[in-house]
Amino acid sequence: DSGVTQTPKHLITATGQRVTLRCSPRSGDLSVYWYQQSLDQGLQFLIQYYNGEERAKGNILERFSAQQFPDLHSELNLSSLELGDSALYFCASSVAGRLNEQFFGPGTRLTVL
Amino acid sequence: TQLLEQSPQFLSIQEGENLTVYCNSSSVFSSLQWYRQEPGEGPVLLVTVVTGGEVKKLKRLTFQFGDARKDSSLHITAAQPGDTGLYLCAGVGNRDDKIIFGKGTRLHILP
């Protein structure tokens, strides 16, 4: 158990819909990262928050957005869903700093029908 | 754009054999991490290497960071079925904290 929790574990929805994925980091970790993992693309970095502020952006679509709240939990919002958005979405947390060692949650499997 | 290339993509070997997987880049990293991921679960951090030329051992796993901090290798001695999984390397940027993952080596150890 990494100490990072993600809900829900599975999510099935239809094209055009909007969903919210939730992540609680390890106690004491200020940084939260979101990743998308599909079979053909590997683990793709989406976005990082540090203590409530956006720190870095990766390959995140404009239809996706995220935020980190004062209690440090984070939400990833996916809207106007397409079939190609079906993937595993992971959240990771770290203390931050140069080593940047990350601890991953169990993931949310999103299926868009 | 920094890229991490992992090779081989897939490896299937018999229990008891030795193997090495590689992680290469043209970019310099301040540190490099190896993770192992099992199906349906999140990646789990195995090790972080920081110094060029550094070697770290974790039981039967030996990790090496290249002298120039651009590449790394993972050597497994006497592989066991429990070593099966996806091995990911990740580099932390030399100028910032950005982390980049390779696409992984999918390892299958046959009993």
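This is a predicted model, so every value here is computed, not measured.
Taken to the nearest 0.5 Å, the CD1 atom of B/Ile100 stands 12.5 Å off from the CG atom of A/Leu43. A distance of 3.5 Å separates CD in A/Glu101 from OG1 in B/Thr48, rounded to the nearest 0.5 Å. Atom CD of B/Glu41 sits about 13.5 Å away from atom CZ of A/Phe104, to the nearest 0.5 Å.
For a residue to count as touching a neighbouring chain, one of its non-hydrogen atoms must lie under 4.5 Å from one of that chain's; by this rule B/Leu32 does not touch chain A. Contacts of A/Gln44 with chain B are absent, with no heavy-atom separation under 4.5 Å from either backbone or side chain.
More than 12 heavy-atom neighbours from other residues, nucleotides or ligands sit within 6.0 angstrom of CD on B/Gln80. Within a 6.0 Å radius of CD in B/Gln14, other residues, nucleotides and ligands contribute more than 12 heavy atoms. Other residues, nucleotides and ligands contribute over 12 non-hydrogen atoms within 6.0 Å of the CZ atom of A/Arg26.
B/Leu86 and B/Tyr22 fall into different hydrophobic clusters, where Ile, Leu, Val, Met, Phe, Trp and Tyr residues are linked whenever their side-chain heavy atoms come under 4.5 Å apart, directly or through other members. A single hydrophobic cluster is not seen to contain both A/Tyr49 and A/Phe45; linkage of ILVMFWY side chains at heavy-atom distances under 4.5 Å, directly or through other members, places them apart. Taking hydrophobic clusters as Ile, Leu, Val, Met, Phe, Trp and Tyr residues chained together by side-chain heavy-atom distances below 4.5 Å, A/Trp34 does not share a cluster with A/Val4.
For the set A/Gly107, A/Pro106, A/Gly105, the count of heavy-atom pairs under 4.5 angstrom toward chain B peaks at A/Pro106. Per-residue heavy-atom pair counts under 4.5 Å with chain A were compared for B/Pro43, B/Gly40, B/Gly104, and the maximum is reached by B/Pro43.
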Item to check | Candidate pair B/Phe101 and A/Gln37, rule side-chain contact (heavy atoms from CB on, under 4.5 Å), full reasoning | outcome: CA-CA 11 Å; B/Phe101 278 83; A/Gln37 187 177 42; over 6 Å; no
Checklist entry - Does the pair A/Gln102 and B/Ile99 meet the rule for a side-chain contact (heavy atoms from CB on, under 4.5 Å), with working shown? => result CA-CA 10 Å; A/Gln102 299 187 19; B/Ile99 186 165; 3.0 Å; yes
